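Let me begin by presenting the structure, written as structure tokens, before commenting on it.
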Amino acid sequence: MAVTRSGTLLASKTGTRIASLKTTAMKKFAHILLILLVPFIFSCSSSDDDEDALTKDGSFPISELAGTWVATKAQFSVSATSVDVVENGGTALMTVQSNGNFALTLDPVDRPAYTVRGEMFWEAWQGSYYFAIEWEDEPGDWDTYGDAYDGNTLSLNGGTDSGAYDFDNDGDMESCSVHFIFVRD
């Protein structure tokens with residue numbers, strides 16, 4: 001090796017070749033390491049940070065509800081007032097898509113039919129999953145419901161303010177609790 005006046009070391013041809021071989025070896029190693037890490041990175045890409053707090057997991061897959069459901073009970077209650085649309089001679093029909101989106105058409109005997117829409121899902125909370133519905137007219141807000149499902153019958157019970165019904169038929173929906181029992185059509 002030679003030394004310049006400024007004290008800089010100059011490499012010989014052999015030293016340059018060794019440095020070049022080391023650089024080539026490091027590039028190959030980095031390339032191989034990258035190839036090995038890519039599958040690991042993608043397998044970890046669906047971390048908790050990427051997942052929505054709302055999940056499709058629960059005691060049964062929401063996709064099992066896909067199809068048409070006919071209500072045998074469609075009860076709305078607030079305080080001492082209770083109305084069961086089906087018991088009073090009306091109907092309630094729900095169609096569910098495999099992704100949890102649904103349309104519920106209520107046809108009471110004393111007023112025109114109307115349809116409400118939303119999404120059903122499992123809400124994860126403290127290690128448990130709760131059946132939840134986000135109503136289309138209240139995006140970002142959802143209610144949880146007690147549920148029972150056996151493959152052919154779906155029962156949903158909502159607490160206070162889990163639904164709305166126009167009890168006095170004046171055009172204003174009043175907040176209430178709901179109880180539905182559906183059978184697969």
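Start at 1 with the first residue, then count along the sequence. As the structure is a prediction and not an experimental result, all values here were calculated from the model.
Side-chain polar atoms of Glu123 and Thr144 form no donor-acceptor pair below 3.5 angstrom. Side-chain polar atoms of Thr105 and Thr115 form a donor-acceptor pair below 3.5 angstrom. If you check the side chains of Ser98 and Ser63, you find no donor sitting under 3.5 Å from an acceptor.
Partners of Tyr145 according to the ring-ring contact (aromatic ring centres under 6.0 Å, His included) rule, which considers only residues two or more places apart in sequence or in another chain, do not exist here. For Arg184, the side chain to side chain donor-acceptor pair (under 3.5 Å) test picks out Tyr149, with sequence neighbours left out. Partners of Phe76 by ring-ring contact (aromatic ring centres under 6.0 Å, His included), not counting sequence neighbours, listed by chain and number: Tyr165, Phe180.
Closest approach of Gln97 to Ala66, counting heavy atoms only: C-CB, 4.1 Å. Of all heavy-atom pairs between Trp69 and Asn152, the closest is CZ3-O, 3.4 Å. When every heavy atom of His179 is checked against every heavy atom of Asn157, the shortest pair comes out as CD2-OD1, 2.6 Å. Residues Gly163 and Val178 share a closest heavy-atom pair of CA-CG1, 3.8 Å. When every heavy atom of Ser175 is checked against every heavy atom of Val78, the shortest pair comes out as O-CG2, 3.7 Å. Of all heavy-atom pairs spanning Arg117 and Ala103, the tightest one is NH1-CB, 3.6 Å.
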- prompt: Ser177 and Ser77: side-chain contact (heavy atoms from CB on, under 4.5 Å), yes or no, with the steps?
  reply: CA-CA 5 Å; Ser177 62; Ser77 304; 3.7 Å; yes

field: Step-by-step side-chain contact (heavy atoms from CB on, under 4.5 Å) determination, Val86 to Thr91
entry: CA-CA 5 Å; Val86 175; Thr91 61; 5.8 Å; no

- prompt: ring-ring contact (aromatic ring centres under 6.0 Å, His included) between Trp122 and Phe60: does it pass, once the steps are laid out?
  reply: CA-CA 9 Å; Trp122 292 104; Phe60 59 88; 5.1 Å; yes

task: Applying side-chain contact (heavy atoms from CB on, under 4.5 Å), run through Glu136 and Val116 and close with a yes or a no.
output: CA-CA 7 Å; Glu136 183 180 64; Val116 294; over 6 Å; no

- prompt: Between Asn88 and Val83, is a side-chain contact (heavy atoms from CB on, under 4.5 Å) present by the stated rule, with each step listed?
  reply: CA-CA 8 Å; Asn88 290 344; Val83 172; 3.7 Å; yes

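Here Trp135 and Phe102 bring their ring centres to under 6.0 angstrom of each other.
With values rounded to the nearest 0.5 angstrom, Leu104 atom CG is found 8.0 Å from Leu93 atom CG. The distance from the CG atom of Asp150 to the OG atom of Ser155 is 10.0 Å, given to the nearest 0.5 Å. From Thr95, atom OG1 reaches atom CG of Asn101 across 10.0 Å, with rounding to the nearest 0.5 Å. In this structure, Thr153 OG1 and Ile181 CD1 are separated by 8.5 Å, a value rounded to the nearest 0.5 Å. Here the straight-line distance linking atom OH of Tyr114 with atom CG of Leu106 works out to 4.5 Å at 0.5 Å rounding. Note that CG of Asp147 and CE of Met120 are 10.5 Å apart. Values are rounded to the nearest 0.5 Å.
In terms of modelled atom types and a separation under 3.5 Å, the side chain of Glu134 and the main chain of Gly140 share a donor-acceptor contact. Arg111 contributes no side-chain N or O that, together with a main-chain N or O of Gly171, makes up a donor-acceptor pair within less than 3.5 Å. Side chain of Trp142 to main chain of Glu138: no donor-acceptor pair is present (N/O by atom type, distance under 3.5 Å, no hydrogens or angles). Side-chain N or O atoms of Asp185 include none that pairs as donor or acceptor with a backbone N or O of Val70 at under 3.5 Å.
Phe131 and Val96 fall within a single hydrophobic cluster, where Ile, Leu, Val, Met, Phe, Trp and Tyr side chains are chained together by heavy-atom contacts under 4.5 Å.
Sequence neighbours left out, the pairs with a member in residues 66-88 that pass salt bridge (charged side-chain N to carboxylate O under 4.0 Å, His left out) are Lys73-Asp84. Pairs passing the salt bridge (charged side-chain N to carboxylate O under 4.0 Å, His left out) check and including a residue from residues 155-164, sequence neighbours excluded, do not occur.
In the hydrophobic clustering (ILVMFWY side chains linked at under 4.5 Å, chained through shared members), Tyr130 is joined by Trp125.
Taking the side chain as every heavy atom from C-beta outward, Ile133 and Leu156 approach each other to under 4.5 Å.
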